2 protein chains.
Amino acid sequence: MDLHALTRELHQKNGSKIVMLVADGLGGLPMTAGGKTELETAKTPNLDALASRGVQGASIPVAPGISPGSGPGHLGLFGYDPIKYVIGRGALEATGIGFAMQPGDVAARGNFCTLDTEGKISDRRAGRIASEESAPLAIRLREVKIPGVEIFVEPVKEHRFVVVFRGAGLEGNVKDTDPQAVGAFPLKPVAVDAGSAKTAAIAAEFVAQATKLLAGEKKANGLTLRGFSGRPDLPTYEEVYGLKAAAIAVYPMYKGLAQLVGMKIVGKAQTLKEQVQILTDEWNNYDFFFLHFKYTDSTGEDGNFDAKVKRIEELDAVMPAIENLKPDVLIVTGDHSTPSYLKSHSWHPVPTLLVSDCCRPDGNTSFGESSSIRGGLGQFEAKYLMALALSNAGRMGKYGA
Amino acid sequence: MDLHALTRELHQKNGSKIVMLVADGLGGLPMTAGGKTELETAKTPNLDALASRGVQGASIPVAPGISPGSGPGHLGLFGYDPIKYVIGRGALEATGIGFAMQPGDVAARGNFCTLDTEGKISDRRAGRIASEESAPLAIRLREVKIPGVEIFVEPVKEHRFVVVFRGAGLEGNVKDTDPQAVGAFPLKPVAVDAGSAKTAAIAAEFVAQATKLLAGEKKANGLTLRGFSGRPDLPTYEEVYGLKAAAIAVYPMYKGLAQLVGMKIVGKAQTLKEQVQILTDEWNNYDFFFLHFKYTDSTGEDGNFDAKVKRIEELDAVMPAIENLKPDVLIVTGDHSTPSYLKSHSWHPVPTLLVSDCCRPDGNTSFGESSSIRGGLGQFEAKYLMALALSNAGRMGKYGA
């Protein structure tokens, strides 16, 4: 089902405000049998009070049993079917470092590698070269010049970099040059379709010039390119929901994802308190606000249960300031679970809370994993959350007469 | 997923009886924080006793966050995917006044409007002309004669009427003639495809003759046509479920919707008691009975919480008479929610109760919104209800060996 076919047709505008607070990796697990999750352990008087007024559910980011990355996790929350809309690895990598891809650009993820005297790969990650060593090399690659195409090279971490080709007639359907094995030559970039032939030729020339520029390097004397991809073609929030949307995020990845759906990046917050201040300052300028809180995920990834609990309490503490703005719809959710127990993203449904004057309260009096599965939203695919948000905000007309 | 592909293959016949009692707009909301819904407020000893024996669920009419009209709401309950099967506005309007469209007919919704001396629209609804004034004008339009086509004009309410064209080679893909603005001329009917060219030409001629017939009227001296549509092509209950089905409804809209899926309209009930009497009288003649109760919706639309509570109690009072017939499967549900708080159809899931000798009871002891979300059917799309009904009636074979 194409939910956007419905929201495009049915959305209507009014003066209401929607806030979606995304605590990255919010859902968790107990560390020991019979224990509580991070969210259930945290003291969250403000979220619990909201749970009493609101409706809860357990949101499934993609499908049961599927653990999403940040891209699909956020696309789902934004109402974009994460199976239908795929962000290529190159485009996600570029987005993640804050590079604003333009339509027609093609991005690829680069890996520095070590080549032996024959030119075969002896280490696919250039000995996990440190970022301090690899960044100057990535910047050196900006010396590559190819007529008729603009080339951007940006360092990422360790052996990784991003390259973006900009020019007429470029498409992203080019195969990886990483042979996924040591003792093999890097592959030639091969176009999968006619529209990508020019990209493949440019990539080959880029690799040739880059390899010359890297000659003599001990670790990183070669490179491979993966995940060629164009800018994903996502309709904007304005198109599909009629919403003027703002993103208030600290990290480039989430700003980038928000930008891909047409949100305006506002402010330069470094802390949650600053994010809430920006929300307050921008309150009259937008209909929809996406606030991203990273640290519930990173503490989970670290396996640091107590730190994740603290971060959830930090989040709870700012809720009154958000409530003071009197949003018509307030949503607290996560893009996926990141249980400290697993130290990774997981497939577990995400506790999700929606508060509006016309949500149907479900008798829950606390916010958490156990409450969420007994909530009035049931278990639902995250992609439906935006339709619920719009309806609760009085922004959706009736389907059919 | 095409559920009918399964039910067509798997259904089997037996002597069982299924009753689906649809309380229109059944679901509701509390009027104040911490309060109860209409259904939870009503004294419903009979429904509560059924809830103890039965299984409950929260049915989602179309998709989370989508508020359906009566058409999609009922199609879902009848097991017809309301996204796949769309009833055009003209066809629904004709259906709603009890006009039996035949395959090949094209219906359009007509609006009387006021034209200024130049012929531009000065009021799109003819000053919201009263039905008593507009009905004779609609009947006057029956004087339009076009060779080779039969034309039916039926008054609706206020500025509305329905026109149906019947003849060979008519298709419904014609654009609206309503410019959706005052100070503009009515548009010409434009065919969107070749198959609808004849319809567009006939519609243009109809408008020309009709405008002459209306000349001199103060308010309603013009007309626009909207929602051109053929009779929706729905497979019948007999085809997809092997059920001989009867509809016992008071209002034309619901009789019409039932007719579209091949149900037989039985009786001429004006009250719920009369409906139950007809159910009793016809008990041996059909396998499936659709009973429609309107007033839970209309009281909700009026925002009259207390009146809706009373109507629910009226419904509860007839349950023993229905139970006395010993249906093998008894379903009580709604086509959508109509909370008095919102005074409109809404997206909230609908409390749904199914009782059979082989349903799996879920520990609920009352029927209501809160119980339904903790019910054994969980939250489910309404389109699955018919498969559940058939299985509970022993009317479905096994899928695969």
Side-chain angles (χ1 to χ4, degrees), chain A residues 1-7 9-12 49-50 52-60 79 81 241 329 331 352 354-365 372-401, chain B residues 1 27-30 32-37 57-58 60-76 81-93 95-96 109 227 253 336-337 339 341-342 344-349 369-375 378-381:
Chain A
M1 190 186 110
D2 181 3
L3 197 62
H4 284 166
L6 292 179
T7 61
E9 181 195 343
L10 301 178
H11 78 250
Q12 51 202 24
L50 285 169
S52 300
R53 286 164 45 203
V55 63
Q56 232 170 118
S59 94
I60 298 167
D81 186 336
Y241 307 133
V329 179
I331 291 169
T352 296
L354 184 155
V355 189
S356 83
D357 77 321
C358 56
C359 67
R360 187 190 278 162
D362 52 22
N364 278 314
T365 54
S372 75
I373 57 173
R374 291 174 181 81
L377 297 176
Q379 301 225 3
F380 66 98
E381 290 176 55
K383 68 179 176 185
Y384 293 113
L385 189 56
M386 278 303 301
L388 288 164
L390 290 169
S391 282
N392 275 278
R395 284 178 173 267
M396 286 271 274
K398 205 159 59 172
Y399 172 63
Chain B
M1 189 184 111
L29 283 175
T32 50
K36 290 179 173 181
T37 66
I60 297 169
V62 176
I66 305 298
S67 305
S70 299
H74 279 82
L75 285 189
D81 185 336
I83 298 291
K84 176 177 172 186
Y85 294 104
V86 175
I87 307 178
R89 179 181 286 261
L92 190 72
E93 200 82 29
T95 299
R109 149 92 173 266
M253 170 68 84
H336 51 75
S337 293
Y341 179 72
L342 291 175
S344 67
H345 292 199
S346 81
W347 61 93
H348 300 87
E369 285 80 357
S370 297
S371 309
S372 75
I373 58 173
R374 291 172 180 83
Q379 300 227 6
F380 66 98
E381 288 178 53

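Here is the naming used below: chain letters follow the sequence lines, and residue numbers restart at 1 for every chain. Computed from a predicted model, the values in this text were never measured in an experiment.
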Margin query: Going by the rule salt bridge (charged side-chain N to carboxylate O under 4.0 Å, His left out), which residues pair with B:Glu369 if we only count those two or more places apart in sequence or in a different chain?
Written below: none
Margin query: Quick check: do A:Tyr399 and B:Val86 have side-chain heavy atoms less than 4.5 Å from each other?
Written below: yes
Notebook entry, point to check: With sequence neighbours left out, what residues match A:Arg360 under salt bridge (charged side-chain N to carboxylate O under 4.0 Å, His left out)?
Noted result: none
Item checked: Criterion side-chain contact (heavy atoms from CB on, under 4.5 Å) on A:Phe380 and B:Ile60, from CA distance to verdict -> CA-CA 11 Å; A:Phe380 66 98; B:Ile60 297 169; over 6 Å; no
Next item on the list: Pick whichever of B:Pro339, B:Pro82, B:Gly378 has the most heavy-atom pairs under 4.5 Å with chain A.
Entry: B:Pro82
Notebook entry, point to check: Quick one: of A:Thr7, A:Leu377, A:Val55, who has the most non-hydrogen atom pairs under 4.5 Å with chain B?
Noted result: A:Leu377
Checklist line | Contact winner vs chain B - A:Ala389, A:Gly397, A:Gly375, A:Ala387, heavy-atom pairs under 4.5 Å | finding: A:Ala387
Checklist line | Residue-level contacts of residues 64-73 of chain B with chain A, using a heavy-atom cutoff under 4.5 Å | finding: B:Pro64, B:Gly65, B:Ile66, B:Ser67, B:Pro68, B:Gly69, B:Ser70, B:Gly71, B:Pro72
Next item on the list: Could you look at B:Arg374 and say if it's the side chain, the backbone, both or neither that has a heavy atom under 4.5 Å from chain A?
Entry: side chain
Notebook entry, point to check: For B:Ile83, is it the side chain, the backbone, both, or neither that has a heavy atom closer than 4.5 Å to a heavy atom of chain A?
Noted result: both
Margin query: Would the distance check show the side chain of B:His348 and the main-chain N or O of A:Cys358 forming a donor-acceptor pair, the cut-off being under 3.5 Å?
Written below: yes
Check: Out of A:Leu6, A:Leu3, A:Leu10, A:Asp2, which one racks up the most heavy-atom pairs below 4.5 Å with chain B?
Finding: A:Leu6
Check: Counting heavy atoms not belonging to B:Lys36, are there more than 12 under 6.0 Å from its NZ?
Finding: no
Margin query: Could you work out, with salt bridge (charged side-chain N to carboxylate O under 4.0 Å, His left out) as the rule, every residue matching A:Asp362, not counting sequence neighbours?
Written below: none
Margin query: Rounded to the nearest 0.5 Å, what separates atom CG in A:Asp357 from atom CG in B:Leu29?
Written below: 9.0 Å
Check: What part of B:Ser337 is in contact with chain A, defined as an atom under 4.5 angstrom from a non-hydrogen atom: side chain, backbone, both or neither?
Finding: side chain
Checklist line | B:Pro349 versus chain A, the contacting section by heavy-atom distance below 4.5 Å | finding: both
